[in-house]
Amino acid sequence: MNQPVFELKNIDYYFDNKQVLENINIRINKGDFLAIVGPNGAGKSTLLQLIATFDQLTEGTIQLNGQSLASLKKRDIAQFRREQLGFVFQEFNILESMTNKDNILMPLVLSNQSVHTMQERLDKVSRQLNISDILNQFPNQISGGQKQRVAIARALITHPQLLLADEPTGALDSKSSKQLMQLFQHLNQQQQTILMVTHSTIDASYANRVVFIKDGRLYHEIYRGEESQIAYQKRIADSLAIINGRE
């Protein structure tokens, strides 16, 4: 059996006395590329917020390697986010006043890593993402696709156990979106565990596993297996259409 990285067990979440998530159970194994798919307002991003410890559960547990995140002391939560999780957002969330290099290195600076470690990791991740030639430029000097690669480099430089991506292609054109998803697929082939939230069936078809969520509940789960990407995308779209048709 694959080694679990994260386990979500019997998750309930209420906001302003309204139930947002109900009885969510998901196991994320090492090397998974999991896409959570559903319409706007389904609870997808809320689930990421809970995994990232930005919000607190109402009921249930989230475990990392068997340890409940609720057991983390307040002083350890920031370190947990910085060292165990990598974040990729729709709007990039990189600082325009800093060079791309400094944006990428920020998590290691906050962790007081040595200059040698920072340079070694920067060299590796910038080659991996093909951004070595833009490190000394500023975000306003590069394209949206390049900005997202800088954001991914920042997320990966800590060697996170889990890469969290919230609608990562939402601000990109179709060509850049395809390049980004191919990059995610390549990272996953190198055993990077990825959890991505998306409403795009095209993006979801790059994952090896898809979970469908609607109105805060899990409805269905499918695996790609040996299926072609085109056939897999059609199955995702068909499943989503059926789920969205439910009252």
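Side chains are part of it too, since the values below use all heavy atoms of this structure and drop only hydrogens, waters and symmetry mates.
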Counting N and O atoms only, with roles assigned by atom type, does the side chain of [X] sit under 3.5 Å from a partner on the main chain of [Y], one being a donor and the other an acceptor?
| X | Y | result |
| --- | --- | --- |
| Asn25 | Asn10 | yes |
| Ser71 | Ser68 | yes |
| Tyr13 | Leu47 | no |
| Arg121 | Ile157 | yes |
| Arg81 | Ala52 | yes |
| Asp16 | Lys18 | no |
| Asn29 | Asp32 | no |
| Thr58 | Tyr14 | yes |
| Lys44 | Ile213 | no |
| Asn100 | Asn136 | no |

Say whether [X] and [Y] are linked into one hydrophobic cluster, either directly or through other cluster members, by side-chain heavy-atom distances under 4.5 angstrom.
| X | Y | value |
| --- | --- | --- |
| Phe184 | Ile131 | yes |
| Leu34 | Leu156 | no |
| Leu85 | Ile94 | no |

Problem set entry | Residues Arg82 and Thr158: side-chain donor-acceptor under 3.5 angstrom |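 Result is no, nothing qualifies.
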What distance separates [X] [atom1] from [Y] [atom2], expressed to the nearest 0.5 Å?
| X | Y | atom1 | atom2 | value |
| --- | --- | --- | --- | --- |
| Leu164 | Met196 | CG | CE | 12.0 Å |
| Asp55 | Leu48 | CG | CG | 11.0 Å |
| Glu91 | Gln148 | CD | CD | 9.5 Å |
| Glu7 | Ile26 | CD | CD1 | 11.5 Å |

Exercise. What ring-ring contact (aromatic ring centres under 6.0 Å, His included) pairs are there with at least one residue in residues 18-67, not counting sequence neighbours?
Worked result: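 As it turns out, the ring-ring contact (aromatic ring centres under 6.0 Å, His included) pairs with a partner in residues 18-67, which skip direct neighbours, are Phe54-Phe87.
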Exercise. What ring-ring contact (aromatic ring centres under 6.0 Å, His included) pairs are there with at least one residue in residues 105-134, not counting sequence neighbours?
Worked result: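 Residue pairs with at least one partner in residues 105-134: there are none.
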For this session: Could you please spell out the steps behind the side chain to side chain contact (heavy atoms under 4.5 Å, CB included) verdict for Gln190 and Leu187?
Result: CA-CA 5 Å; Gln190 297 178 325; Leu187 292 171; 4.1 Å; yes
Exercise. Could Glu96 and Lys147 be called an ion pair, given the rule that one side-chain N must be under 4.0 Å from one carboxylate O?
Worked result: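 Salt bridge present between Glu96 and Lys147.
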For this session: Under the ring pair (Phe, Tyr, Trp, His ring centres under 6.0 Å) rule, collect the residues that match up with His220, sequence neighbours excluded.
Result: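 Only Phe212 meet the ring pair (Phe, Tyr, Trp, His ring centres under 6.0 Å) criterion with His220.
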Exercise. Are any non-hydrogen side-chain atoms of Leu135 and Leu122 less than 4.5 angstrom apart?
Worked result: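 Leu135 reaches Leu122 side chain to side chain.
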Anything under 3.5 Å between a donor and an acceptor, one on a side chain of residues 198-205, the other on a protein residue two or more places apart or in another chain? List them.
residue: Thr198; atom: OG1; partner: Ser200; partner atom: N; Å: 2.9
residue: His199; atom: ND1; partner: Glu167; partner atom: OE1; Å: 3.2
residue: His199; atom: ND1; partner: Glu167; partner atom: OE2; Å: 3.1
residue: Ser200; atom: OG; partner: Ile202; partner atom: N; Å: 3.3
residue: Ser200; atom: OG; partner: Asp203; partner atom: N; Å: 3.0
residue: Asp203; atom: OD2; partner: Thr169; partner atom: OG1; Å: 2.5
residue: Ser205; atom: OG; partner: Ile202; partner atom: O; Å: 2.6
residue: Ser205; atom: OG; partner: Gln229; partner atom: NE2; Å: 3.0

Exercise. Can you check side chain to side chain contact (heavy atoms under 4.5 Å, CB included) on Ile104 and Val150, steps first, answer last?
Worked result: CA-CA 6 Å; Ile104 295 167; Val150 169; 3.8 Å; yes
For this session: Begin from the C-alpha positions of Ile152 and Leu180 and carry the test side chain to side chain contact (heavy atoms under 4.5 Å, CB included) through to its verdict.
Result: CA-CA 10 Å; Ile152 294 168; Leu180 178 63; 3.0 Å; yes
Problem set entry | CG (Asp123) with more than 12 external heavy atoms under 6.0 Å |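 Counting other residues, nucleotides and ligands, CG of Asp123 exceeds 12 neighbours.
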Problem set entry | Which residues share a salt bridge (Lys or Arg N to Asp or Glu O under 4.0 Å) with Glu227, sequence neighbours left out |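 With neighbours one apart ignored, the set is Arg235.
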Which pairs would a plain distance check flag for residues 137-145, meaning a side-chain donor or acceptor within less than 3.5 Å of a matching protein atom at least two apart in sequence or in another chain?
residue: Gln141; atom: OE1; partner: Phe138; partner atom: N; Å: 2.7
residue: Ser143; atom: OG; partner: Gln146; partner atom: N; Å: 3.2
residue: Ser143; atom: OG; partner: Gln146; partner atom: OE1; Å: 3.3

For this session: Any chance you could lay out the side chain to side chain contact (heavy atoms under 4.5 Å, CB included) test for Gln182 and His186, step after step, and finish with the verdict?
Result: CA-CA 6 Å; Gln182 289 174 336; His186 177 67; over 6 Å; no
Exercise. Checking side chain to side chain contact (heavy atoms under 4.5 Å, CB included) against Ile194, which of Asn188, Asn208, Ile28 comes through?
Worked result: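 Single pass found, and it is Asn188.
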